[in-house]
Structure formats: structure tokens, C-alpha cells
Protein chains: 2
Amino acid sequence: MPGPTIYDVATAAGVATSTVSRAFSTPGRVSAATREKVLAVAAELGYQPNPHARALLSGKHHTVAMVVSDITNPHYFELIRGAEMRARVSEYTLLLVNAEESPRVEWEQIQRLAPAVDGFLLAASRLPDENLRQIAVQRPIVLMSRELPGLASVVLDHVEGCRQIVAHLSSLGHRDLVYLAGPRNSWMAGTRWAALKAAADQVGLTARRIGPFTPKVSQGGAAADGAVNAGTTAVVAHNDLLAIGVMQRLAQRGLRVPEDISVVGFDDIFAADVCTPGLTTLGGAHADLGRAAVELLLTAGTRGPDDQPRVLLPTELVLRGSTGPVA
Amino acid sequence: MPGPTIYDVATAAGVATSTVSRAFSTPGRVSAATREKVLAVAAELGYQPNPHARALLSGKHHTVAMVVSDITNPHYFELIRGAEMRARVSEYTLLLVNAEESPRVEWEQIQRLAPAVDGFLLAASRLPDENLRQIAVQRPIVLMSRELPGLASVVLDHVEGCRQIVAHLSSLGHRDLVYLAGPRNSWMAGTRWAALKAAADQVGLTARRIGPFTPKVSQGGAAADGAVNAGTTAVVAHNDLLAIGVMQRLAQRGLRVPEDISVVGFDDIFAADVCTPGLTTLGGAHADLGRAAVELLLTAGTRGPDDQPRVLLPTELVLRGSTGPVA
DNA sequence: GTGAAAGCGCTAACAG
DNA sequence: CTGTTAGCGCTTTCAC
């Protein structure tokens, strides 16, 4: 079962193990003839270098771990996809870890894997800032959908995005909006609210926040009722899942979208395009976020702790049927 | 940067490296006092065992690789989720690999990772049977959504599921159906068609197949036109993505679903529930498939090559608005 | 250009 | 119960 080793190859090819090693890692330092022979024998035996042995003395693992705060959220799937694809290009392997929304689990997993990976991608980490800094001294890390001064990060530009949302609603005649907030320990939730509030203030629109809500379809009912109760003409939900849940509840209550109330989401997940009415949502190239994060991680060695990049990718407001002029 | 090793801990605690090792791996074989001390020192130094060194001589990696034929298909996400969660429970790490629908890429990735993982989960593998058998002699493998005699597999019970689809359509008065086939090298596509055909024959319903189609929303247009051209009252699409694309195209052509034509999909992805009309689709606990596959893989050592389990999980036909009585 | 030998971090005999 | 020692498979000096 344990495949052939360089010893087997060396014996079969009549050379030393070091020569076999060189034939693979530094082909220039072996004569063409021996190299050919070694490679031929290796191929015949089905030899595959053992990554563990290699990692053991090189310290390089060719592996990055991606820790996702909640793998059940379809939105992260795009990030995972993008990350996997970029990693593959550099022949890196992607380790996938689910933190189950638990900071403790997240921390334990990271500590466990730290000696075995080249770096971490932390998507929507629920860890306190201090913990993130601790990790960063052990291993290169890149935050996704979260920012922290001194650490590399990739996020969508929500300031500009929220400005667009507000401009859109304002142009339709809405005079106020209600933000259905995401979880308390979500950096994104805070960011979205701040950006929304600032943009609203700027154009003289009233912005209120209710919540927090767990951003799932099932929570849409409570969120919708809260919004109706608040008496607004426009709601901006923390994400598309919540927004879809809201629309379902509104329909149930006999309220029409967008005639009676406009709904906006975040993420532009696939379902936003097929629900009725289509959901107006702030999207962006999420797979690119994943790609950019891996990119940053792989080049982390070239930067000092003082110039950790903060990549801001553009959002795009996708207009669909869920927003319309105020009656 | 390279964290502390057992040597550092041993020195600091004034014991031998083997004692440190034992304190971690076989706590029973050390006196309580020394164990306490070692663990304390280790914690203080922030010592973490190096998994590579451990794997190097144990041959156990506590890692399983999941190879997905096409990571862009949201359906696989559920499988990935389930697998990740089950792996986590046993403190296994899940490696995620995308084969990009290419048998060559799939094969290369598997060969590359073989020496570094405890086994493979192959989801909808596009590899020929022969290659699968070759892999199976190197490492334990579990096929997902594919079967091959002699290899462990987990699939949904499409025979029964397709029978239900046919019964449903038949009860609505449909006398024939058209299957919009998936890719040629997809085992699932062949299986679905065979099951559909058999079930149709049994109840005296005419079944025809057109395609193959790449199962994406964008291919729904061509598929829908083909179905309309064939002049049928019911189409069964290879998966929900294709079905949704079909419904979009039908709407565009002014055809009503289900009044003019009924549509059925496979997978019950999230979007099937929010599109209009809701999509009738053959679902099942896909996350459970992922779980079951990991389960099988982790217990693979206990079975001989002659009793490789073939796990069949139940499907469930989810009735929504896209199917209705024939006019 | 190639071989011999040391050692990466850890565990598993084998002594004591 | 604990220390000594020999590798796991590979790369990397250091000689030749």
C-alpha cells in the first residue's frame, strides 16, 4: 500500500537517492541521460513524491486552509470556488474548514492546522481582533469580508455599494429605509449599516436599523413583520437569504413587492435571479474575492507587516423587480 | 516562525522527547505528574504537534480528499457540506479538489495527492471505470453519485425516484415525457434515463430522450426548444439548473408552465423553491450523501475488496407548481 | 555529475 | 515509568 519511495527508484535505476531527488527537484543538476532514466523508472514504478516528507524539511506545504464561518451559507460557495480555482493554478491544495459560527471552533481548528499549512484564508471570521493578530504572527493570513488594520484583507467596496443602493431608492421617491441587521459579531453587518446610514444622511433620507437577525430565509418572517411595523417603504436586508424570506412573508401578508414595499438584498446569490419578483441586490464578483485572497496569501512572503494590502473589489447593484417607485 | 518542537518542550520540561510524545499520544503511559508538567510547558510554549512528521511515520494523515467533477455546480455544494461536517466530527481534514470536468485533471490531482491522504471521495467522477479500479488499489475510495461493482459508493435511489416521477406525471394525465439528457460521460445521466424509461414502459407512457445538454441554466434555451419541437406535455430535465433554464425559455416563448407543459428537475437545489412556478424536482438528503461517503471512507479498513458497500439513500419527489394536469 | 550521510519532527521499539 | 535510539521519505550539504 505505501507506494514506492526514492529508495525503490534509486535501486531500480542504479543510482543514489540523492540523484533521484535531484532529477525531480533540480533537473538542471543531473546529466540528461540519468535524468531520463530516473524519470522513466519512476514512471514505471508509479512513484509519487511524498508531500509530507517534503514538507517536513522544507517547511513549505503547498497547502492553504480556508476557514469559513458558516459553510451552510450558499454565498460562501462562490468564495470557496474562486479560492479553489486560484490555488489550483499554483498547484496549491485547498483545505476547507467549517467554523460553524463558533469562535472557539474556529480558533481550535486554526491552531491545529497551523503547523501543516502555508497560510490561512479567514472568511467572515467571528474571532476577536486580538486573536486574529495572534494568528498572524504564526502564519500569513488573509481576511475575507472583514478588515483589520495591519492585516491583509479582501472585501467588496460596501461604502460605494451602499451609496448606490441609497441613490437608487432615493431616485424612486423613497424617503426612508429600514436595515434588517445581520448578526452582532459580524463585521460585515456593522459595515453595511454604517455605510447605509452615512449614505442616507448625505441625501437626506431617514435610515433605521432593526434586528439583529440570523440571516436565513426562516428569519425573514420576523424581519418582515418588524419592517412592516416600523412603517417603511423600503427595506434593505442583511443578505439575499433574509431578503427572500422577507419577500415570502410579505406575499403571505398580502403586501405587494415593490408596489407596497421595496426590498434590497446583498450578495446576488443565484436564487436572487429566479425568485419572483427578481431581487434587487448588491452583488460583486465573489469568486474574484476568493481568487484575490489566495493571490495575496501566496505572495505574502514578499511584504512586511507594515504594508499589508487591503484589496477593495467593486460591487455592482443589480436592479431587478423587487424595487420600484414609492406609491 | 517554525513553532516549537518536542525537543524544545523536552528541554524546557527536563524530560526526554519520547516522554513528551507519549504525554500527547498515549497519556496513560506517563505518570500523572510528568504529564501535567509536559502539557503545561507545551501550552506555555505554544507547542503544536507537526502533522507532517506524524503522518510521515504513521502513514495516517487524518485527511480525506474530495474530488468534485465541477465545483461550479451548486448542487455539489451540499455534498461538500455534508462531507466536511462528517469529517470534522472525526477530526479529519477535508481537502477540496476541483476536476473541472476534465478526466485528465482529475487523474493527475488524484495521483498527486494519493501519498498524502487517507482516501478519496470521488463525486460524479468522469474517469473511466478502469481508472477508478486502479485508484482503488492504491487508496480507499468512495464514489458519490456513481456506481461501479466492487467499489464503495453512495447514491440516491433513482430507480424508485424516477418511478415516482413517472407515476406523478401519469396521474396528471400525461401520456409521454421527454428527458433532457445530461453529459455523455455522466454516469448519472445514463442512470436517470434508464430508470425513467423503465418506469415509463411499465405504466405505458412514452419516453423519449433528447440531448445531451450541458446541465446549466444557459443551456435551458436549446433544451426547451428541443422539447417543444418534440411536441410533448412533460419534460424531465437532467438537473434543476437545466430545468430552470427551460422554464425561463418557455416563459419567453409565451408557453405556460404547467398549463402547456410540465417541468421536472433533479437535485432540489435552493433555487427550485423560489423560482416561479416552484420547480417539481427529485430531491434527497444530499448532505447525508456527503456524510455517508465520509463514514464509509473512514471505516474502509474494516472491509475486504469483496464486500464494498453500496449505499442507496432515498429520494423524495418534491411537488411544486411546475407540474400540473395535462390540458 | 554523483554518492554518502545528516537531519526535518515525531513515534515506536528496546532498554533500564 | 522514562530515556535512548533508530528510522518514516525526502532534500541538502559535503565530498569525491
Side-chain angles (χ1 to χ4, degrees), chain A residues 1-39 41-42 45-63 111-118 138-139, chain B residues 1-39 41-42 45-63 111-118 138-139:
Chain A
M1 183 73 78
T5 73
I6 39 171
Y7 287 92
D8 303 315
V9 178
T11 308
V15 297
T17 60
S18 45
T19 302
V20 177
S21 173
R22 278 190 281 256
F24 280 94
S25 26
T26 49
R29 323 241 261 99
V30 223
S31 76
T34 15
R35 183 178 351 123
E36 298 292 289
K37 167 145 209 177
V38 169
L39 294 184
V41 173
L45 264 52
Y47 165 76
Q48 287 294 133
N50 182 322
H52 290 304
R54 197 173 267 193
L56 188 51
L57 70 172
S58 72
K60 304 255 83 238
H61 316 84
H62 264 246
T63 300
Q111 292 308 315
R112 186 174 72 85
L113 292 173
V117 302
D118 294 315
Q138 304 178 59
R139 290 285 173 199
Chain B
M1 184 71 79
T5 73
I6 39 172
Y7 287 91
D8 302 316
V9 178
T11 309
V15 295
T17 59
S18 47
T19 303
V20 177
S21 172
R22 279 189 281 255
F24 280 93
S25 25
T26 48
R29 324 243 258 96
V30 220
S31 77
T34 22
R35 183 178 353 123
E36 298 290 290
K37 167 145 210 176
V38 169
L39 294 182
V41 173
L45 264 51
Y47 165 76
Q48 286 294 133
N50 183 323
H52 290 305
R54 197 173 269 194
L56 189 50
L57 72 169
S58 71
K60 303 255 84 238
H61 320 267
H62 263 247
T63 300
Q111 291 309 314
R112 185 174 72 83
L113 291 172
V117 303
D118 294 315
Q138 305 178 58
R139 291 284 173 200

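In the text below, chain A, chain B and the rest are named by the order of the sequence lines, each starting its count at 1.
- With hydrogens and angles disregarded, no donor-acceptor distance shorter than 3.5 Å links the side chain of A:H62 to the backbone of A:A55.
- Of the inter-residue distances, the one linking B:T34 atom OG1 with B:L39 atom CG reads 9.5 Å to the nearest 0.5 angstrom.
- Note on A:T34: a side-chain N or O is less than 4.0 Å away from OP1 or OP2 of C:dT2.
- At a cut-off of 3.5 angstrom, the base of C:dA4 holds at least one donor-acceptor pair with the side chain of A:S18.
- Using a distance-only test at 3.5 Å, with no hydrogens or angles considered, no donor-acceptor pair links the side chain of B:D118 to the main chain of B:K60.
- Here B:R54 contributes atom CZ and B:S21 contributes atom OG; the two are 7.5 Å apart, rounded to the nearest 0.5 Å.
- Between B:L56 and B:G28, the one whose closest nucleotide on DNA chain D sits nearer the 5' end is B:G28.
- Contact annotation: B:Y47 reaches the phosphate of C:dC10 (side-chain N/O to OP1 or OP2, under 4.0 Å).
- Here the side chain of A:T19 is nearest to one of D:dT4, C:dT11, C:dG3, namely C:dG3.
- Per the geometry, NZ belonging to B:K37 stands 16 Å off C1' belonging to D:dC1, to the nearest Å.
- In terms of polar N and O atoms assigned as donor or acceptor, the side chain of B:R22 comes within less than 3.5 Å of the base of D:dG3 in a complementary pairing.
- Residue A:V15 is in sugar-phosphate contact alone, with no base atom involved, counting any heavy-atom pair closer than 4.0 Å across all strands shown.
- Not a single donor-acceptor pair, N or O on each side, falls under 3.5 Å between the base of C:dC8 and the side chain of B:Y7.
- Summarising the geometry, the separation between CD1 on A:I6 and P on C:dG3 is reported as 13 Å, rounded to the nearest angstrom.
- A:P49 comes within 4.0 angstrom of the backbone, heavy atoms only, and of no base.
- Phosphate proximity of C:dT11 to B:S58: absent, as no side-chain N or O sits under 4.0 Å from OP1 or OP2.
- We find that NE2 of B:H62 is positioned 15 Å from C1' of C:dC10, with the value rounded to whole Å.
- Taking atom CZ on A:F24 and atom C1' on D:dC10, their separation rounds to 12 Å, with Å as the unit.
- Checking the phosphate oxygens (OP1, OP2) of D:dT2, a side-chain nitrogen or oxygen of B:S31 falls inside 4.0 Å.
- Classified by interplanar angle (parallel below 30°, tilted 30° to 60°, perpendicular above 60°), the ring pair B:H52/A:H52 is tilted.
- For D:dT11, the OP1/OP2 oxygens have a side-chain nitrogen or oxygen of A:S21 closer than 4.0 Å.
- Within the structure, a side-chain polar atom (N or O) of A:R54 is placed less than 4.0 Å from OP1 or OP2 of D:dT11.
- Separating the CG atom of A:L45 from the P atom of D:dG9 is a distance of 14 Å, rounded to the nearest angstrom.
- In this structure, the side chain of B:R22 does not engage the main chain of B:V30 through any donor-acceptor pair within 3.5 Å.
- Between C:dT2, D:dT11, D:dT2, one nucleotide has an atom nearer to the side chain of B:V30 than all others, and that is D:dT2.
- One atom, CG of A:N50, and another, P of D:dC8, lie 12 Å apart when rounded to the nearest Å.
- Between D:dT11, C:dT11, D:dC10, one nucleotide has an atom nearer to the side chain of A:T5 than all others, and that is D:dC10.
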